[in-house]
K.L.:
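This is the structure I have questions about; it appears just below.
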Amino acid sequence: MSGQFEKIKQCFDYCRKITEFRPRIGLILGSGLGNYAKHMRVECEIPYGEIPGFPLSTVEGHDGRFLFGYIGTVPAVVMKGRVHYYEGYSMEDVVLPVRLMRLLGIEILFLTNASGGINPEFQAGDFMMITDQISSFVPSPLRGENIKEFGVRFPDMTHIYDPELQQIIRETSKDEKITIKEGVYLQTAGPNFESPAEVRMFACLGADAVGMSTACEAIAARHAGIRVCGISCISNMASGISKVELSHKEVQETADLKATDFERLVTGIIARM
Ligand code: HPA
């Protein structure tokens, strides 16, 4: 057994002592979705800080926790807060929560985030369904000894974002009358925003939006046989496209403004899963 698997198993054993709840869906909340709990019937909460070996965010303070409960009738585990690679954790630790949720029972992972828009047809405040990703600028979370308890050494990444789940997202967006764009998400290491030259390069490479999370989590999830979907809130246009300098405050403000629509969309999608 790999050392990392033992660590994840230890987290799992702790969670199982607290709750027998078996989620079918895992939802990772990005910026602006922090208050999602009001849309679910929470059965149990586990603060990350209580779980032995669990990576703790240096950004969001003590707020990070798992919420177990029902979204509509769907049993789910919601991650309020996530760790980012830029905080200094290894990629293996950044994706530990995804693997832990796998052991807890999830079959579907729903990723959300805030990102910078690169596609000139986008504007701040848009939602983008992620159809594919570019993770070539960050190390793979699968680097190192393969954890065979989760998956194979060389996993296929042809359909990282599940085509059927994408269709559910399209239908929900139509029914809820919330427009959703589509595109390719590119992950950088962060924590600095990109330079305008980098954004031009990312555009040439086929990226529609850029952010500092998500792609690594999607890879770990696919490795473990989890079906994945994702939606990004375009909180700002990327550097050089935006007329103003970028700040975390702008990211947070736009995400907060769009929170109500984002919550409605996410809830509608999960109800159809
Ligand atoms: N770049 C990278 N990450 C981000 C951005 C951005 O412009 N906006 C929100 N997260």
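Note that ligands are numbered from 1 as they come in the structure, with each ligand's atoms numbered from 1 the same way. Just so it is clear, the structure is predicted and the values come from calculations on it, not from any experiment.
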K.L.:
Please list the nearest protein heavy atom to atom 4 (C) of ligand 1 with its residue and the distance rounded to 0.1 Å.
P.N.:
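Looking only at protein heavy atoms, the one closest to atom 4 (C) of ligand 1 is Val210 O, 3.7 Å.
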K.L.:
Please list the nearest protein heavy atom to atom 5 (C) of ligand 1 with its residue and the distance rounded to 0.1 Å.
P.N.:
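Result for atom 5 (C) of ligand 1: Gly116 N, 3.4 Å.
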K.L.:
Could you identify the single nearest non-hydrogen protein atom to atom 3 (N) of ligand 1 and state the distance to 0.1 Å?
P.N.:
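Nearest protein contact, heavy atoms only, for atom 3 (N) of ligand 1 is Gly211 CA, 3.4 Å.
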K.L.:
Please tell me whether Glu87 and Ser57 have a donor and an acceptor in their side chains that are separated by less than 3.5 angstrom.
P.N.:
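Distance-only check passes for Glu87 and Ser57.
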K.L.:
Provide the number and element of each atom of ligand 1 under 4.0 Å from a heavy atom of Glu194.
P.N.:
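Numbered from 1, ligand 1 contributes 1 (N), 2 (C), 6 (C), 7 (O).
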K.L.:
In terms of hydrophobic clusters joined by side-chain contacts under 4.5 Å, are Val152 and Met157 together?
P.N.:
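The answer is no; the residues belong to distinct hydrophobic clusters.
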K.L.:
Salt bridge check: are Glu217 and Arg82 linked by an N-O gap of less than 4.0 Å?
P.N.:
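Looking at Glu217 and Arg82, the cut-off is met.
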K.L.:
Could you check atom 10 (N) of ligand 1 against the protein and tell me its nearest heavy-atom contact, residue, atom and distance included?
P.N.:
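Result: Ala114 O, 3.4 Å.
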K.L.:
When the aromatic ring centroids of Tyr70 and Phe21 are compared, is their separation below 6.0 Å?
P.N.:
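Ring centres of Phe21 and Tyr70 closer than 6.0 Å.
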K.L.:
Under a 4.5 Å side-chain heavy-atom rule over Ile, Leu, Val, Met, Phe, Trp and Tyr, are Val95 and Tyr89 clustered together?
P.N.:
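As far as the 4.5 Å side-chain criterion goes, Tyr89 and Val95 are not connected within one cluster.
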K.L.:
With heavy-atom distances below 4.0 Å as the criterion, list the atoms of ligand 1 near Ser115.
P.N.:
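Matching atoms, with element in brackets: 5 (C), 8 (N), 9 (C), 10 (N).
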K.L.:
To the nearest 0.5 Å, what is the distance between CE (Met40) and CD1 (Ile71)?
P.N.:
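Reported to 0.5 Å precision, the distance equals 5.0 Å.
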K.L.:
Mind telling me whether Phe127 and Phe262 have parallel, tilted or perpendicular rings, with 30° and 60° as the class edges?
P.N.:
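Tilted.
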K.L.:
Pull out every atom of ligand 1 sitting under 4.0 Å from any heavy atom of Ser235, numbered as shown with elements.
P.N.:
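Near Ser235, the atoms of ligand 1 are 8 (N), 9 (C).
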K.L.:
Any idea which atoms of ligand 1 are less than 4.0 Å away from a heavy-atom of Val251?
P.N.:
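Those atoms are 8 (N), 9 (C).
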K.L.:
Below 4.0 angstrom from a heavy atom of Leu246, which ligand 1 atoms are there? Numbered from 1 as shown, please.
P.N.:
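Answer, ordered by atom number: 7 (O).
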K.L.:
Would you mind running through ligand 1 and noting each atom that sits below 4.0 Å from a heavy atom of Met212?
P.N.:
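Once the distances to Met212 are compared, the set is 2 (C), 3 (N).
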K.L.:
Counting non-hydrogen protein atoms only, what is the nearest one to atom 7 (O) of ligand 1? Give residue, atom name and distance.
P.N.:
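Sorting protein heavy atoms by distance from atom 7 (O) of ligand 1 puts Asn236 ND2, 2.9 Å first.
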K.L.:
Would you check if the distance from the ring center of Phe54 to the ring center of Tyr14 is below 6.0 Å?
P.N.:
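No, they do not, as the ring centres are separated by 6.0 Å or more.
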